[in-house]
Enquirer: 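Here it is, the structure, as structure tokens.
Nothing fancy with the numbering, it's 1 onward along the sequence.
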Amino acid sequence: MFSFAIYRRTYHPAIPAPYIIALIELDEGPRLVSNIEDCPFDQVAVGLRVQVRFDSVQGFLLPRFVPLGRRSSV
């Protein structure tokens with residue numbers, strides 16, 4: 001993980017606060033913005049290794065990330 005922010009205010013009713021938004025740096029080089037899930041806020045840190053998990057939301061698969069080693073689901 002390259003950078004992150006913890007949002008403590010709800011900006012959209014579909015995404016209740018608090019939640020983590022991160023700039024994920026892929027091993028291949030590109031960076032993308034996504035959520036970090038299943039991770040206590042006090043364990044989130046720059047450099048945290050994460051893996052993708054695809055969540056189905058209203059018929060769309062969205063890439064979200066969990067700490068490396070956590071179970072990934074489709």
Side-chain angles (χ1 to χ4, degrees):
M1 177 175 18
F2 186 79
S3 182
F4 71 95
I6 299 173
Y7 282 62
R8 299 187 186 276
R9 181 176 178 187
T10 298
Y11 291 96
H12 191 280
I15 309 170
Y19 56 95
I20 304 165
I21 298 294
L23 183 58
I24 307 296
E25 185 170 34
L26 303 178
D27 289 339
E28 298 81 8
R31 295 178 183 161
L32 60 103
V33 176
S34 188
N35 296 81
I36 301 293
E37 297 185 341
D38 298 333
C39 185
F41 294 155
D42 62 349
Q43 293 181 14
V44 179
V46 171
L48 177 70
R49 300 281 298 161
V50 294
Q51 63 189 24
V52 70
R53 176 180 76 190
F54 291 95
D55 292 334
S56 180
V57 178
Q58 296 181 352
F60 295 94
L61 285 178
L62 299 178
R64 296 186 174 150
F65 291 80
V66 296
L68 190 62
R70 297 270 172 103
R71 188 175 180 155
S72 182
S73 63
V74 175

Enquirer: Which pair of heavy atoms, one from Ser34 and one from Arg64, lies closest together, and at what distance?
Expert: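 Residues Ser34 and Arg64, closest heavy atoms: OG-CA, 3.5 Å.
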
Enquirer: Considering only heavy atoms from C-beta outward, does the side chain of Leu68 approach that of Val50 to under 4.5 Å?
Expert: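 With C-beta onward as the side chain, the pair stays apart.
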
Enquirer: Please name the pair of heavy atoms, one in Glu37 and one in Asp55, separated by the smallest distance, quoted to 0.1 Å.
Expert: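 Closest pair (atom of Glu37, atom of Asp55, distance): OE1-OD2, 3.3 Å.
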
Enquirer: Let me confirm one number: the CD-CZ distance from Glu25 to Arg31, rounded to the nearest 0.5 Å.
Expert: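 Those atoms lie 4.5 Å apart.
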
Enquirer: Give a yes or no on whether the backbone of Pro16 and the side-chain of Thr10 come within a donor-acceptor separation of less than 3.5 Å.
Expert: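 No.
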
Enquirer: Can you tell me how far CG of Asn35 sits from CG of Leu62, rounded to the nearest 0.5 angstrom?
Expert: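 Here the interatomic distance stands at 8.5 Å.
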
Enquirer: Could you check if a side-chain atom of Asp27 sits within less than 4.5 angstrom of a side-chain atom of Arg49, using non-hydrogen atoms only?
Expert: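 Of all side-chain heavy-atom pairs linking Arg49 with Asp27, at least one is under 4.5 Å.
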
Enquirer: Met1 and side chain to side chain contact (heavy atoms under 4.5 Å, CB included): which partner among Leu23, Val46, Val44?
Expert: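 By the side chain to side chain contact (heavy atoms under 4.5 Å, CB included) criterion, Met1 pairs with just one of Leu23, Val46, Val44: Val44.
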
Enquirer: Do the side chains of Val52 and Leu61 join up, straight or via other hydrophobic residues, at under 4.5 Å, putting them in one cluster?
Expert: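 Yes, Val52 and Leu61 fall within the same hydrophobic cluster.
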
Enquirer: Supply the atom-to-atom distance Ile21 CD1 to Tyr7 OH, rounded to the nearest 0.5 angstrom.
Expert: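 Output value for this atom pair is 6.0 Å.
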
Enquirer: Roughly how far, to the nearest 0.5 Å, is CZ of Phe65 from CZ of Arg53?
Expert: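 One finds 11.0 Å between CZ of Arg53 and CZ of Phe65.
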
Enquirer: Would you mind reporting whether Ile24 and Pro63 have side-chain heavy atoms less than 4.5 Å apart?
Expert: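 Side-chain contact under 4.5 Å: no.
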
Enquirer: In Å, rounded to the nearest 0.5 Å, how long is the span from CD of Gln43 to CD1 of Ile20?
Expert: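 Gln43 CD to Ile20 CD1: 10.0 Å, rounded to 0.5 Å.
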
Enquirer: Locate the shortest heavy-atom distance separating Tyr19 from Tyr11; write the atom from each residue and the value.
Expert: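 Nearest heavy atoms, Tyr19 then Tyr11: OH-CD1, 3.9 Å.
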
Enquirer: Is it the case that over 12 heavy atoms from other parts of the model lie below 6.0 angstrom from the CZ atom of Phe2?
Expert: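 Atom CZ in Phe2 is not crowded, with 12 or fewer foreign heavy atoms closer than 6.0 Å.
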
